[in-house]
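Positions are given from 1, in the same order as the sequence printed here. In each ligand, atom 1 is the first atom listed, and ligand 1 is the first ligand listed.
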Amino acid sequence: MNESAPDPAVHDATDIHGVVAALRASFDAGSTLPIDARLDALAALRRAVVAERSALERALAEDLAKSPEEAMTTEIGIVLSEIDHMRRHLRSWLRPGRFSVGAALAPGTGRIVREPLGTVLVIAPWNYPLQLALAPVVGALAGGNTVVLKPSEVAPATSAALARLVDRHLDPAWIRVVEGGVEETTALLAERFDLIFYTGNGAVGRIVARAAAEHLTPTVLELGGKSPVFVDEGVDLARVARRIVWGKFTNAGQTCVCPDYLMGTEATLRALVPHLRDAITEMYGPDPRTSRAYGRIVNAKHLERLTGLLEDTEDADAVIGGKDGIVADERYIPPTVLQGVSWDDPVMGEEIFGPILPMLAVDGPAEAVARIRAGEKPLTAYVFTDDDAVRRLFTARTSSGSLAFDLTLAHLGAAGMPFGGVGESGMGAYHGRASLEAFTHAKPVVSKPLVPDTLAVVYPPHTRWKSAIVERLLGG
Ligand code: NAD
């Protein structure tokens with residue numbers, strides 16, 4: 001296909017049933033079962049991403065003003081390393097594990113066989129529109145499933161680029177893209193799948209879970225929330241500021257694990273501000289608007305929402321950036337840090353999902369923990385401290401999808417880390433081995449020879465000697 005060829009994606013809701021039926025038929029035919037075929041499918045996906053790299057970069061620049069460097073670190077590179085890691089380990093991860101059947105079933109054997117689920121649906125959001133579409137697909141293909149991929153319509157250029165990539169390079173017996181918005185997703189959700197893997201906000205997460213319940217379809221829900229940062233006293237503020245600034249302003253704050261708000265004592269926050277300012281200048285120059293490393297808000301609707309949050313948080317003071325720096329027709333919001341924010345300000349009412357960092361004074365780690373516990377469970381919590389007791393406190397007394405000490409965002413790059421939320425931030429996890437686990441069923445396979453027939457002890461009639469043996473075996 002070339003650029004002028006017709007759009008390959010499925011849009012028509014009536015086609016959707018056919019697409020799902022075709023993918024189910026190819027799954028039923030067993031074509032996705034052999035491990036070699038799965039490794040080939042992953043290799044094909046890798047080649048496809050490499051071949052389409054410049055088209056994908058252009059699409060990400062168009063949708064979110066991502067630089068090629070950021071596209072590599074936060075999107076393309078993550079997908080490539082996810083594929084490589086999976087290909088390297090797939091055979092050993094699929095090797096059946098053993099479990100003991102115990103004295104009651106001896107002689108006998110127990111194995112755990114990871115079997116594919118069937119035909120799965122992956123629904124992706126707009127903020128990392130490539131990574132969050134293809135990283136789950138890696139797990140789905142590795143698990144031996146066939147896949148319907150629904151990219152986000154809110155990142156239309158990347159959605160189209162993904163549809164082209166799949167159409168040009170991948171086997172339609174394994175994976176098809178359905179582009180579109182609410183109408184198409186609703187039609188998809190009416191179909192029966194064997195797993196729905198959804199990334200996005202919790203309101204739609206509930207719609208997905210409700211539709212899935214209709215068919216008793218399991219779901220993985222990768223949601224968001226307000227991920228807190230606590231900066232303890234005594235840490236190296238210049239280094240801490242760089243880690244916070246990078247985490248907060250990458251992709252203009254439109255990251256699910258973005259530090260949402262910052263807590264510290266009054267004195268720590270005051271001392272941190274000049275370091276945050278320096279770190280912003282170091283990374284994005286004196287005018288981030290002209291920096292190719294600084295992104296844009298995805299669309300006018302989100303720009304309005306964020307502008308509204310700034311306007312409504314009246315009593316706070318923008319010590320860095322602020323609403324006067326907004327350039328609406330460029331969808332530009334400057335890196336903004338707010339001082340003097342209170343807990344009931346609008347900016348604390350919802351996940352910010354933009355380049356606005358409210359700072360809230362607490363009297364120490366115990367209050368920070370209490371504040372986190374008072375809210376919904378976040379996707380990640382970040383703590384900067386030199387004190388082991390503080391680390392232990394946050395580990396034991398806060399609950400979040402993950403907890404990171406002395407870094408932001410980069411923990412997602414840890415190949416062995418299962419990534420997912422808890423409570424309001426989601427359910428289920430993926431990346432690496434966790435992806436394979438998410439997209440397969442761990443089936444126990446039990447064998448017991450017919451001879452000797454030790455099960456005879458539980459068959460009626462229940463004589464006294466049989467009961468005595470059973471009592472003994474079961475610990476009665
Ligand atoms: P979005 O608007 O792109 O929506 C996500 C998907 O849901 C899209 O494919 C969209 O078509 C579909 N959708 C939207 N409305 C629907 C409806 N009424 N019925 C059925 N489907 C519908 O993305 P978003 O939700 O704005 O994404 C941002 C949110 O996602 C944030 O809360 C963020 O924290 C979270 N997020 C989580 C992760 C994670 O890995 N846990 C990653 C990225 C984003």
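Glu75 contributes a side-chain N or O that, together with a main-chain N or O of Gln131, makes up a donor-acceptor pair within less than 3.5 Å. At distances below 3.5 Å, not a single donor-acceptor pair connects side-chain atoms of Glu70 with backbone N or O atoms of Ser67. Ser425 places no side-chain N or O within 3.5 Å of a backbone atom of Gly423 that could act as its donor or acceptor partner.
The proximity of Leu379 to ligand 1, defined as any non-hydrogen pair under 4.0 Å, is limited to the side chain. When heavy-atom distances to ligand 1 are checked against a 4.0 Å cut-off, Ile123 comes that close only through its side chain, counted from C-beta outward. At a 4.0 Å heavy-atom cut-off, ligand 1 touches Ala124 through the backbone alone. If you look at Leu132 next to ligand 1, the close heavy atoms, those under 4.0 Å, all belong to the side chain. If you look at Tyr198 next to ligand 1, the close heavy atoms, those under 4.0 Å, all belong to the side chain.
Note on ligand 1: Gly421 sits outside its first shell, no heavy atom being nearer than 4.0 Å. At least one heavy atom of Phe419 sits less than 4.0 Å from an atom of ligand 1.
Taking the six-membered ring wherever Trp is involved, the centroid distance between the rings of Trp246 and Tyr382 does not fall below 6.0 Å. Aromatic ring centroids of Phe405 and Phe394 lie 6.0 Å or more apart. Tyr430 has its ring centre no less than 6.0 Å from the ring centre of Phe439.
Near Pro125, the atoms of ligand 1 lying under 4.0 angstrom from a non-hydrogen atom of the residue are 3 (O), 5 (C), 23 (O), 27 (O), 43 (C). For ligand 1 and Gly200, the ligand atoms under 4.0 Å from any heavy atom of the residue are 25 (O), 27 (O), 29 (C), 30 (O), 35 (C). Interface atoms of ligand 1 facing Asn127, defined by a heavy-atom separation under 4.0 Å, are 43 (C), 44 (C). Ligand 1 places these atoms under 4.0 Å from at least one heavy atom of Lys150: 8 (C), 9 (O), 10 (C), 11 (O). Within ligand 1, the atoms closer than 4.0 Å to a non-hydrogen atom of Thr199 are 5 (C), 37 (C), 38 (C), 39 (C), 40 (O), 42 (C), 43 (C), numbered from 1 in the order shown. For ligand 1, the atoms closer than 4.0 angstrom to any heavy atom of Val182 are 15 (N), 16 (C), 17 (C), 18 (N). Interface of Phe353 with ligand 1, defined as ligand atoms under 4.0 Å from a residue heavy atom, comprises 28 (C), 31 (C), 33 (C), 34 (O). Residue Gly224 has at least one heavy-atom neighbour below 4.0 Å for each of these atoms of ligand 1: 34 (O).
Shortest non-hydrogen contact noted between Glu184 and Val178 is CB-CG1, 4.3 Å. Heavy-atom minimum distance, Glu222 versus Ala429: OE2-CA, 3.8 Å. Heavy-atom minimum distance, Val182 versus Thr186: O-OG1, 2.6 Å. Residues Gly247 and Cys258 share a closest heavy-atom pair of O-SG, 4.0 Å.
From the protein, the heavy atom lying nearest to atom 31 (C) of ligand 1 is Glu351 OE1, 3.5 Å. For atom 25 (O) of ligand 1, the closest heavy atom belonging to the protein is Asn201 ND2, 2.6 Å. Nearest protein heavy-atom contact of atom 3 (O) of ligand 1 is Ser152 OG, 2.6 Å. The protein atom (non-hydrogen) at minimum distance from atom 13 (N) of ligand 1 is Val204 CG1, 3.8 Å. Annotation: atom 26 (O) of ligand 1 to nearest protein heavy atom, Trp126 NE1, 2.9 Å. At the shortest separation from atom 10 (C) of ligand 1 among protein heavy atoms lies Glu153 OE1, 3.4 Å.
Of the candidates Leu223, Val220, Thr185, Leu223 brings a heavy atom nearest to atom 37 (C) of ligand 1. Within the set Cys256, Ser425, Gly426, Pro151, the minimum heavy-atom distance to atom 38 (C) of ligand 1 is found for Cys256.
Comment: Arg391 does not engage Asp232 in a salt bridge, judged by the lack of any side-chain N to carboxylate O separation of less than 4.0 angstrom.
Side-chain contact of Asp345 with Ser342: a donor-acceptor pair under 3.5 Å is present, judged by distance alone.
Each of Thr74, Thr255, Thr158 was checked for a side chain to side chain donor-acceptor pair (under 3.5 Å) with Tyr128, and the lone residue meeting it is Thr255.
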Criterion side-chain hydrogen bond (donor to acceptor under 3.5 Å, both in side chains) on Thr119 and Thr146, from CA distance to verdict: CA-CA 5 Å; Thr119 301; Thr146 54; 2.9 Å; yes
